[in-house]
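Each remark here refers to the structure printed beneath this line.
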Amino acid sequence: MNSTDQLSPIVWRPARDGVYVTTLEPATVNVGLVVGTSGALLVDSGSSPAQGQALRDSIATVTDVALRYVVVTHHHWDHTYGLGAFAGVETIGHESLAASLSSEAAREAAAEQGLAPDDVVGPTTSISILAARDLGGIHVEIGHFGPGHTQGDLAILVPEARVLFAGDLVENGA
């Protein structure tokens with residue numbers, strides 16, 4: 001099965017006030033949604049443009065606040081290949097992400113998922129170490145603390161909710 005096959009419905013579960021999680025297949029990826037009074041931030045974008053669009057559409061089941069940001073935790077296909085569905089939204093990744101996504105390995109991974117190389121897009125904003133975004137009543141801190149699972153892992157902290165999204169820096173069952 002590849003990422004262009006039939007998509008499962010996306011069900012958001014509350015984790016803390018203003019923070020929701022869902023799990024996406026085919027790679028059992030946890031995705032986060034942080035909702036403030038003036039905007040929302042999505043953590044990871046899914047494994048294909050179709051899954052990214054399904055994620056984007058599913059946000060309306062949780063909030064009517066506009067999605068303003070998407071942060072990808074690292075360059076692997078199951079976290080980033082949905083970025084193409086987020087035109088008009090600021091997408092954020094580590095500064096190494098553009099090179100990783102244009103590599104031969106990324107082209108091969110896209111083909112394995114039934115995607116064309118043009119389906120794989122990079123973020124609109126790159127960060128090197130730290131960034132923050134205000135969502136209205138809740139803020140999000142984005143940090144790169146050095147190589148871990150990949151060269152460009154990002155951790156996303158929601159201090160008010162005491163939640164940390166760590167991408168594949170922390171895995172269970174892989």
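All heavy atoms count here, side chains included; hydrogens, waters and symmetry mates do not. Position 1 is the first residue of the sequence; numbering continues from there.
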Donor-acceptor under 3.5 Å ([X] side chain, [Y] main chain):
{"X": "Thr22", "Y": "Val11", "answer": "yes"}
{"X": "Arg107", "Y": "Ser102", "answer": "yes"}
{"X": "Thr37", "Y": "Gly136", "answer": "yes"}
{"X": "Thr124", "Y": "Thr91", "answer": "yes"}
{"X": "Thr28", "Y": "Glu25", "answer": "no"}

Within the 4.5 Å heavy-atom criterion, are [X] and [Y] side-chain neighbours or not?
{"X": "Ile10", "Y": "Leu24", "answer": "yes"}
{"X": "Val31", "Y": "Leu42", "answer": "yes"}
{"X": "Val19", "Y": "Leu33", "answer": "no"}
{"X": "Val71", "Y": "Ile92", "answer": "yes"}
{"X": "Thr80", "Y": "Leu101", "answer": "yes"}
{"X": "Val29", "Y": "Thr23", "answer": "no"}

Donor-acceptor contacts under 3.5 Å from residues 151-167 side chains, at least two apart:
from	atom 1	to	atom 2	distance (Å)
Asp153	OD1	Thr150	OG1	3.4
Asp153	OD2	Gly148	N	3.4
Asp153	OD2	His149	N	2.8
Asp153	OD2	Thr150	N	2.7
Glu160	OE1	His139	N	3.2
Glu160	OE2	His139	N	3.4
Glu160	OE2	His139	ND1	2.8

Sort and list the pairs that fulfil ring pair (Phe, Tyr, Trp, His ring centres under 6.0 Å) and have at least one residue in [range], not counting sequence neighbours.
{"range": "residues 25-45", "value": "none"}
{"range": "residues 81-120", "value": "His94-His144"}
{"range": "residues 16-43", "value": "none"}

In chain order, what residues pass the salt bridge (Lys or Arg N to Asp or Glu O under 4.0 Å) check against Arg56, with sequence neighbours excluded?
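Partners of Arg56 by the salt bridge (Lys or Arg N to Asp or Glu O under 4.0 Å) criterion come out as none, since no residue qualifies.
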Between Glu90 and Arg133, is a salt bridge (Lys or Arg N to Asp or Glu O under 4.0 Å) present by the stated rule, with each step listed?
CA-CA 11 Å; Glu90 181 181 5; Arg133 297 296 184 268; 2.8 Å; yes
If I compare all heavy atoms of Val89 with all of Leu67, which pair ends up nearest, and what's the gap?
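Smallest heavy-atom distance, with atoms named: CG2-O, 3.8 Å.
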Partners meeting side-chain hydrogen bond (donor to acceptor under 3.5 Å, both in side chains) with Asp57 (sequence neighbours left out)
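Listed in chain order: Gln53.
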Are more than 12 heavy atoms, taken from residues, nucleotides or ligands other than Ile129, located less than 6.0 Å from that residue's CD1 atom?
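No, because the 6.0 Å sphere around CD1 of Ile129 holds 12 heavy atoms or fewer from other groups.
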Between the side chains of Ser47 and Asp78, is a donor N or O closer than 3.5 angstrom to an acceptor N or O?
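Result is no, nothing qualifies.
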Verdict with reasoning, Trp12 to Ser58, per side chain to side chain donor-acceptor pair (under 3.5 Å)
CA-CA 8 Å; Trp12 292 101; Ser58 74; 2.8 Å; yes
